[in-house]
Amino acid sequence: MPTRQPARIKARRTPGDLLAGLGALAVLVALIAGVPYALFRLAGPPLPPELLNLDLLTSQVGTSTIVAILVLLVWLAWLQLVICVLVEIYAGLRRVGMPARVPLSGGTQMFANKLVSAAMLLFTVSAVALPIAKLTSLPPATPGVVSTGLSAMSGPAADERAELEPVRKAKKVYVVQPPHGRHHESLWEIAEKCLGDGRRYPEIYRLNQHKEQPDGSRLHMADLIRPGWVLDMPDDARNIHLVPASQPRDDTLKEHRDKPVELDGRTQTFTPGQADLPAEPAPEVSDPRDGSRDDARDRAADRTGDRTADRAGEKAGADGARETGPGQARPEVTERPSHTVPDGGRQDPGQVERRDPAAVTEPPRSGQEAGLGTLDYLAGASLAAAGLLVALGRRRRQQLWHRAFGHRITRPRDDAAEAELALRLGADAPGSRMLDVGLRLLGRSLAAQNRVPPTVYAAHLSPQTLDLWIHPPDPDAPEPWTAHDGGQVWRLPAHEGRMLDERSLADAPAPYPGLVSLGSNGEGRVLVDLEAAHGPISIRGPQTTAALAALAVELATNRWSDRMRVTLVGFGEELTVIAPDRIRYVGGLAEILPELEAAAEGRAHGGEVLTGRIHGRVADPVCAPHYLLSAIAPTPEEGRRLALLARKGVRTAAGYVVAGDVPHATWNWTITEEGRAEVDALGFDVAAQLLPRRQYRALVDLFLATERLEGEALPDEPEPVTHTPSVEVRVLGPAEVVGPPPMEEGRAVIAVEMAVYLATHPGGVHPVVLGGILWPRGVQPVVRDATIARVVAWLGTDSQGRPNLYADESGRLRFGPEVRTDWMLFRDLVRRSHADPGARPELLDRALGLVRGPLLNGRPRGRYAWLAADDLEYNVTASVADAAHRLCEVRLARGETDQAVAAVRAGLLLAADDEGLWRDLLRATHLTADPVRLRAVVDALHRRAASHPYGGGMAPETEALIDELLPSWRMRSAPTA
């Protein structure tokens, strides 16, 4: 954008200026001296005797008293004018810029300003008080111009100045200094030094969060900053460098590596003439927003979905580190402890890895910082993430029903893969389970006691407790719930919730399906019940649609409801792919209001809703709810009709959240620019749960990938395995590393995961990339490198004395030739079986004998999240299932039915959701001519389908095969009444 050149002020006064000045001076003299003279002569002093008489308070008010009061008011008005004139004269003579505001004197002070400004033109050109068009604020400064005020260009020499050169906007920065001994700079110390108060460090954090630094990394935790980072600073910072706003951080670092020089406690200036900025900074009278416009634009871009995350990643099949071109992420240079690396030399700090610009980082603790990434939003929505993973698993099961031999199911890519990674990291399955089971137990207990359930208007789920805020208060909470705060809160401790038997509550209905996450308060998730509003809910703010999308996703996938409908108005048409049985899209309120009104006529309300639910059935719930989420503001008529649906403020099995100002709204939600959610009626102010556009799109793409039923071809066969291993990494079952001595338990988890990743990515991985993969929420380089060094020492050397884990010439970590995985051996045996049909049964038997259970079975929660964006899980599952299927066919062709059954069962240890294998098992078992054995397989398959955590039943082909082989199975499997 071209900069604007400020115009010079001419020193010469025109005749019009002189006349205006004389006129203004005459008016001022008349007002200041003439008015009081006239008042004394005509009306008397400000306080005439009539107003000093104490009997005035009790006696009747006469005409003289009223005149005296009016005279007093005139005197007060004159005094107010005099004060305004004095303030304006002081501001003009002292050149303080904006004059002080005189209370209750808006129009009067503006009039005085004009008079004083005109009068002072008689004496000087520049001593002019700034005009006050609006007393509340300064007019916004023109972008790209550093305004210095009129007084900065005053004086007789103004007409001799050359035209001002274009000026570019500047910004204040601080360069993080290298450590001295063991001392490292922190944001607190920088805030204390530059802002005068260490408690202001969050301001620096928010200005720099997720912005790329010269070493390619980004700030994602307030306590992790690195030497050489260039931090943007607030406008009032001292002891800093002043640089052009558009200057890249790399250039700033080259020019300002040293500490800023302190200039008598004032802000440090820049080198004169540098970067075509003015030689010295003049006093600024400009819109303070200008100095942070770049930051605001960055944050706004992030909120609309620009990826700003910072997780280092690596695509499978890539030959190590990523290369970036101009404008892409720069390499991260980290200082490493001096430890010996396996190649016999020292790790070169200059060997760096290109960071993936599509990375993810840890969400801010408060949840209110702007500019968040995929991980922040999707992983932060922990309950929604748990429900989405279940819905995703159900769709993946259906993909498996259509998987063809030699193919794997289609896996997500790019943003969609990042979205699944975030869901895996953030999903709170235990919390979701406790909320579901705890509420169902509460409903069943109240039904057994013939009690009406209380209204739960909000809930708080933390790692320690589940709290329900109820109305009316009731101190008699059914066990194991306990009452607190006089019965206003019913609490379920987490240890009690974990012990609840989920299977015994399978038929207990869900009493509060309208509970949905509003956001987080730093200690846990805050939920509100949409039905408890007893009327429409108005939602307003700049991030309304993102908040509505987050509500829709959680409502459609939560496990604490049985059957519901969610109607989206004016947004979210693509979300129907996530839960088509629950979500419906319409274009406007006019399309859905008639249906809602018709349903409201016969719907139960009040206590009947909750009582009916707890006495109902899961399969056919009483008062199944319908929730309306509208991104379109209603017309007055539509708002009136929405309010009438509320049944005069009593509970119905419905909830309405509508954008804009809704007439007669019972609750008003505000989603602020900073991502806070405020609910007036409940007094909540929390970090809002949001689903911005980019994360929304990534989530939709993730589920769209499950609709691609054609699958993807499995990769080519691997190179042969020729070495006898000194270390074996096992992944076809629980993760194990065989060969090295045992490692202490606290460090073994991350060490084994590191070995698994390196072993399954033989192309090599740079330490920086590896750190981003194993610690997606961020890690200090010293911790990462110490862990690598520990694993190097743990894995030891091979038979030739070479390190089993070493760094190659490019700095990538690789395993030596005597480290192999059971997956590598499995693929080699399958490859050999293709080449030697005569030895095929034995080779496939050996391959399936390596399978000990599900892939990386028993992995800790939150670990191995990288599998979501990796081919390993997809390839292993499909390859094991194909090997078992091929061996089953070979055995059946030879009449070896028992061996065929054993082959299929070996494959099912890992690929238990592949129903093609279950059909192989049914056929092989049927050929054994043992009906009891066949019945056992059918019953096991039926139980598995009925209790599968992802649901979905059985594939139609499987049911048809059972009907053919065992026609009577449906009679025995039918549920009892």
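This structure is a prediction, so every number in the text was calculated from the model and none was measured.
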By side-chain contact (heavy atoms from CB on, under 4.5 Å) - contacts of [X] (at least two apart):
X: Thr252; value: Val173, Val230, Val243, Gln247, His256
X: Glu192; value: Trp188
X: Thr672; value: Thr670, Glu674, Arg676, Glu678
X: Arg747; value: Met743, Glu744, Arg790

How far does [atom1] of [X] sit from [atom2] of [Y], to the nearest 0.5 angstrom?
X: Ser810; Y: His766; atom1: OG; atom2: NE2; value: 7.5 Å
X: Leu691; Y: Leu551; atom1: CG; atom2: CG; value: 10.5 Å
X: Asp250; Y: Gln213; atom1: CG; atom2: CD; value: 9.5 Å
X: Leu702; Y: Gln695; atom1: CG; atom2: CD; value: 13.0 Å
X: Leu425; Y: Leu378; atom1: CG; atom2: CG; value: 11.0 Å
X: Thr787; Y: Glu753; atom1: OG1; atom2: CD; value: 11.5 Å

If the condition is salt bridge (charged side-chain N to carboxylate O under 4.0 Å, His left out), which residues does [X] pass it with, not counting sequence neighbours?
X: Arg540; answer: Asp661
X: Asp197; answer: Arg199
X: Glu420; answer: Arg396, Arg424

Open item on the list: Test side-chain contact (heavy atoms from CB on, under 4.5 Å) on Leu774 and Met754; report intermediate values, then the result.
Closed with: CA-CA 7 Å; Leu774 299 183; Met754 182 181 296; 3.6 Å; yes
Applying side chain to side chain donor-acceptor pair (under 3.5 Å), name anything that partners [X], two or more places apart in sequence or on another chain.
X: Asp701; result: Arg697
X: Arg859; result: none
X: Thr557; result: none
X: Arg525; result: Gln689

- [ ] Report the C-alpha distance between Glu574 and Tyr696 in whole Å, list the side-chain angles of each, state the deciding distance to 0.1 Å, and finish with yes or no for side-chain contact (heavy atoms from CB on, under 4.5 Å).
- [x] CA-CA 9 Å; Glu574 303 90 344; Tyr696 167 94; 2.4 Å; yes
Open item on the list: Run the ring pair (Phe, Tyr, Trp, His ring centres under 6.0 Å) test against Phe684 and tell me which residues pass, sequence neighbours left out.
Closed with: Trp469
Task: Geometric class of the Tyr864/Trp866 ring pair [parallel <30°, tilted 30-60°, perpendicular >60°] - done: tilted
Open item on the list: Any salt bridge linking Asp215 with Arg249? Criterion: basic side-chain nitrogen under 4.0 Å from a carboxylate oxygen.
Closed with: no
Task: Salt-bridge contact Asp232-Arg206 (side-chain N to carboxylate O under 4.0 Å) - done: no
Open item on the list: Taking side-chain contact (heavy atoms from CB on, under 4.5 Å) as the criterion, tell me which of Val679, Leu461, Val686 meets it with Val526.
Closed with: Val686
TODO: In sequence, state the C-alpha distance, the side-chain angles, and the governing distance for Ile240 and Cys194, and then conclude on side-chain contact (heavy atoms from CB on, under 4.5 Å).
DONE: CA-CA 7 Å; Ile240 45 78; Cys194 301; 4.0 Å; yes
Task: Derivation and outcome, side-chain contact (heavy atoms from CB on, under 4.5 Å), residues Asp808 and Leu813 - done: CA-CA 6 Å; Asp808 63 14; Leu813 295 171; over 6 Å; no
